[in-house]
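What you see is a predicted model, and the numbers here were worked out from it, not measured in a lab. In what follows, every heavy atom counts, from backbone to side chain, and hydrogens, waters and symmetry copies are set aside.
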Amino acid sequence: MYDAFPELPAIYDSVPIYANRRDVQFYVDEARSAGASVLEVGCGTGRILLPIARSGKKIDGLDASPQMLERCRTKLETEDEAVRARVSVHQADARAFDLGRQFNLVIAPFRVVQHLTTIDDQLGFLDSVARHLAPGGRLVFDVFNPHFAKLAAADGTEREDTPDTPLPDGRSFRRTARVSRVRWVDQVSEIELVYYITTEPGGKTERRVQSFDMRWFLRAELFNLLAREGFNVRTIYGDFDRSPLTDSSPEQIVCAERVTMRAP
């Protein structure tokens with residue numbers, strides 16, 4: 001979905017709600033408390049991967065999008081040699097990957113798991129993670145805490161979430177978002193992010209659409225899903241300040257430990 005149109009990776013780095021998201025320091029702290037090696041699944045353009053590398057940790061990044069990885073590599077070239085030496089990136093599918101080594105920590109930030117819309121997708125991801133975790137290694141990821149009143153209120157209307165914002169190349173964009181449909185049985189919201197890209201002030205505006213399905217999870221479901229793949233959930237935070245999960249929490253931040261491999 002991040003290859004929806006060529007400009008998307010560069011625009012992604014300019015979306016204010018992404019740039020201001022409060023998850024970066026949380027994941028940097030998780031990496032610092034881990035052992036020698038970290039893997040980020042869904043590393044994208046390096047929004048979290050690069051700060052972890054700057055903190056002194058060695059990290060591998062994995063993503064399915066060649067466009068996002070190209071942007072990540074371009075940004076990496078501007079870093080100090082010491083930072084570049086700590087980073088390796090790989091193009092692979094989160095549902096089935098094999099890097100041939102194990103890590104002390106695997107992270108999947110910013111809703112990566114919510115793009116795994118079927119149980120087979122989710123189990124494939126967890127099985128791949130389990131095979132890449134050293135004994136006692138940890139998996140940390142975040143999903144949003146579903147608020148059913150908001151889900152039920154989805155009416156397909158485009159609502160602006162990013163006002164007109166300049167891009168480094170002189171263009172600008174604004175963005176709207178809409179939930180076109182909620183599939184209650186599947187626990188999936190069908191999302192459209194609509195980008196209006198303007199070439200120059202007063203110039204032509206082009207409309208680009210990024211469409212994707214987003215799976216939402218309940219707390220008990222996360223415990224059961226992880227247990228099927230031999231993980232023990234140590235805690236689920238409700239926000240990136242490590243506050244407890246409550247009904248009104250915006251996030252479900254899962255910290256799990258690999259205990260056993262799934263039985264064949």
Side-chain angles (χ1 to χ4, degrees), residues 1-19 21 23 40-49 61-72 91-97 107-126 128-129 141-148 150-162 165 173-197 206-218 221-222 225 250-254:
M1 72 178 202
Y2 285 103
D3 297 321
F5 53 92
E7 305 95 334
L8 184 53
I11 292 176
Y12 179 93
D13 284 333
S14 296
V15 175
I17 57 176
Y18 296 167
R21 189 169 160 79
D23 56 351
E40 180 183 0
V41 178
C43 66
T45 68
R47 187 180 65 88
I48 288 175
L49 178 141
L62 179 153
D63 204 283
S65 166
Q67 286 192 172
M68 297 291 272
L69 288 179
E70 181 180 359
R71 174 80 175 173
C72 183
Q91 184 180 344
D93 190 323
R95 298 167 296 183
F97 59 91
I107 61 173
F110 201 10
R111 319 287 191 241
V112 166
V113 173
Q114 293 193 256
H115 297 302
L116 308 173
T117 57
T118 70
I119 293 175
D120 285 345
D121 288 347
Q122 296 148 20
L123 293 178
F125 163 74
L126 291 174
S128 293
V129 169
F141 64 91
D142 60 84
V143 298
F144 67 67
N145 188 23
H147 289 254
F148 291 102
K150 293 181 180 179
L151 290 170
D155 59 4
T157 301
E158 284 187 35
R159 293 179 172 85
E160 184 173 272
D161 68 5
T162 304
T165 301
F173 78 99
R174 69 178 183 89
R175 190 177 82 171
T176 65
R178 78 183 191 106
V179 179
S180 60
R181 181 188 176 198
V182 177
R183 305 200 310 264
W184 294 99
V185 171
D186 297 329
Q187 294 180 215
V188 166
S189 297
E190 298 177 4
I191 310 292
E192 286 186 356
L193 300 180
V194 185
Y195 295 82
Y196 295 90
I197 307 166
E206 298 180 342
R207 185 177 186 268
R208 299 282 186 267
V209 180
Q210 180 189 15
S211 303
F212 54 92
D213 291 348
M214 180 160 281
R215 175 72 147 79
W216 34 273
F217 297 88
L218 301 179
E221 179 184 15
L222 291 168
L225 183 65
E251 306 284 343
Q252 296 183 90
I253 305 163
V254 179

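With sequence neighbours left out, Asp63 forms a salt bridge (charged side-chain N to carboxylate O under 4.0 Å, His left out) with no residue at all.
Shortest non-hydrogen contact noted between Leu49 and Gly61 is CD1-CA, 3.5 Å. Nearest approach of Ser128 to Ala96, heavy atoms of both residues: OG-CA, 3.5 Å. The heavy-atom pair separating Gly42 from Val112 by the smallest distance is CA-CG2, 4.0 Å. For the residue pair Ala64 and Gln91, the shortest heavy atom distance occurs at O-NE2, 3.5 Å.
Side-chain atoms of Gln114 come within 3.5 Å of backbone N or O of Phe144 as a donor-acceptor pair. A donor-acceptor contact shorter than 3.5 Å links the side chain of Gln67 to the backbone of Phe5. The main-chain N or O of Thr118 is found under 3.5 Å from a side-chain atom of Gln122 such that the two form a donor-acceptor pair. Asp142 contributes no side-chain N or O that, together with a main-chain N or O of Gln252, makes up a donor-acceptor pair within less than 3.5 Å.
Ring geometry for Tyr2 versus His115: interplanar angle over 60°, hence perpendicular rather than tilted (30 to 60°). Ring geometry for Trp216 versus Phe148: interplanar angle over 60°, hence perpendicular rather than tilted (30 to 60°).
Residues Thr176 and Asp161 form no side-chain contact, since every pair of their non-hydrogen atoms from C-beta on lies 4.5 Å or further apart. Taking the side chain as every heavy atom from C-beta outward, Ile191 and Ser180 never approach each other to under 4.5 Å. A 4.5 Å side-chain heavy-atom check between Arg207 and Val209 finds at least one atom pair inside the cut-off.
A salt bridge is defined here as a Lys NZ or Arg NE, NH1 or NH2 lying under 4.0 Å from an Asp or Glu carboxylate O, and Arg174 with Glu206 fails to meet this definition. Ion pairing between a basic and an acidic side chain is recognised when a charged N comes within 4.0 Å of a carboxylate O; Arg215 and Asp121 show no such pairing. Residues Arg178 and Asp155 are not paired through a salt bridge, judged by the lack of any N-O separation under 4.0 Å between the basic side chain and the carboxylate. Under the 4.0 Å criterion applied to side-chain N and carboxylate O atoms, Glu40 and Arg47 are not assigned as salt-bridge partners. Salt-bridge check for Arg175 with Glu160: failed, with every basic side-chain N at 4.0 Å or more from each acidic carboxylate O.
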Between Asp13 and Thr45, does the side chain to side chain donor-acceptor pair (under 3.5 Å) criterion hold? Intermediate values first, please.
CA-CA 8 Å; Asp13 284 333; Thr45 68; 2.6 Å; yes
Can you list the steps and then say if Asp3 with Met1 is a side-chain contact (heavy atoms from CB on, under 4.5 Å)?
CA-CA 5 Å; Asp3 297 321; Met1 72 178 202; over 6 Å; no
Chi angles and distances behind the side-chain contact (heavy atoms from CB on, under 4.5 Å) call for Thr162, Tyr195
CA-CA 9 Å; Thr162 304; Tyr195 295 82; over 6 Å; no
What verdict does the side-chain contact (heavy atoms from CB on, under 4.5 Å) test give for Phe217 and Leu225, after you've listed the backbone C-alpha separation in whole Å, the side-chain angles of each residue and the deciding distance to 0.1 Å?
CA-CA 10 Å; Phe217 297 88; Leu225 183 65; 4.2 Å; yes
Tyr18 and Tyr12: CA distance, side-chain angles, deciding distance, ring pair (Phe, Tyr, Trp, His ring centres under 6.0 Å) verdict:
CA-CA 8 Å; Tyr18 296 167; Tyr12 179 93; 4.7 Å; yes
Test salt bridge (charged side-chain N to carboxylate O under 4.0 Å, His left out) on Glu7 and Arg71; report intermediate values, then the result.
CA-CA 10 Å; Glu7 305 95 334; Arg71 174 80 175 173; over 6 Å; no
Could you walk me through whether Asp213 and Ser189 pass side-chain contact (heavy atoms from CB on, under 4.5 Å), step by step?
CA-CA 6 Å; Asp213 291 348; Ser189 297; over 6 Å; no
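Here the SG atom belonging to Cys43 is positioned 8.5 Å from the CE atom belonging to Met68, to the nearest 0.5 angstrom. Taking CZ from Phe173 and OG1 from Thr165, the interatomic distance works out to 4.5 Å, rounded to the nearest 0.5 Å. Going from atom CG of Asp120 over to atom CZ of Arg95 covers 10.0 Å, rounded to the nearest 0.5 Å. Taking CD1 from Ile107 and CD1 from Ile48, the interatomic distance works out to 6.0 Å, rounded to the nearest 0.5 Å. In this structure, the separation between CG on Asn145 and NE2 on His147 is 4.5 Å, given to the nearest 0.5 Å. For the atom pair Phe141 CZ and Leu126 CG, the distance stands at 7.0 Å (nearest 0.5 Å).
By the 6.0 Å contact criterion, CD on Glu158 is enclosed, its count of non-hydrogen atoms from other residues, nucleotides or ligands being greater than 12. Applying the 6.0 Å contact sphere to CG of Leu218 captures more than 12 heavy atoms from other residues, nucleotides or ligands.
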